[in-house]
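Take a look at the structure set out below.
These numbers come from a predicted model, not from an experiment.
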Amino acid sequence: MGELTQEERGRMMFEHIATCRTYTDDVKRIITGSIGFDDYEWGISLFCDDVLKIKKLIYEYKI
């Protein structure tokens with residue numbers, strides 16, 4: 001994906017938040033992160049009773 005400008009990243013995050021809002025009641029998420037000496041990483045774990053809802057959520061993301 002490369003480096004994004006602050007405006008591009010803000011727009012992308014706003015789109016992700018808007019997409020997730022429709023799944024808030026059905027899909028639960030846990031966000032984790034770690035910091036190393038020269039970098040950081042984070043991840044999101046998704047939980048739901050119906051795995052097809054998670055699949056639909058992922059396909060709606062514009063990555």
Worksheet item: Counting N and O atoms only, with roles assigned by atom type, does the side chain of E60 sit under 3.5 Å from a partner on the main chain of L57, one being a donor and the other an acceptor?
Response: no
Worksheet item: Between Y23 and K56, which heavy-atom pair has the shortest distance, and what is it?
Response: OH-CG, 3.1 Å
Worksheet, complete the sentence: Residues at least two apart in sequence or cross-chain that pass side-chain hydrogen bond (donor to acceptor under 3.5 Å, both in side chains) with S34, listed by chain then number, are none
Practice prompt. Indicate, with yes or no, if V27 and W42 share a hydrophobic cluster defined by side-chain heavy-atom contacts under 4.5 Å among Ile, Leu, Val, Met, Phe, Trp and Tyr.
Written response: yes
Discussion item. If hydrophobic clusters are built from ILVMFWY residues whose side chains come within less than 4.5 Å, do I31 and I54 share one?
Written reply: yes
Which pairs of donor and acceptor atoms, one on a side chain in residues 43-52, lie under 3.5 Å apart (sequence neighbours left out)?
{"residue": "D50", "atom": "OD1", "partner": "L52", "partner atom": "N", "Å": "3.1"}

Discussion item. So, using side-chain hydrogen bond (donor to acceptor under 3.5 Å, both in side chains) as the criterion, who are the partners of R11 when residues are at least two apart?
Written reply: E15
Worksheet item: Could you give the distance from CE (M13) to CD (E8), rounded to the nearest 0.5 Å?
Response: 14.0 Å
Worksheet item: Taking everything shown except K28 itself, do over 12 heavy atoms lie less than 6.0 Å from its NZ?
Response: yes
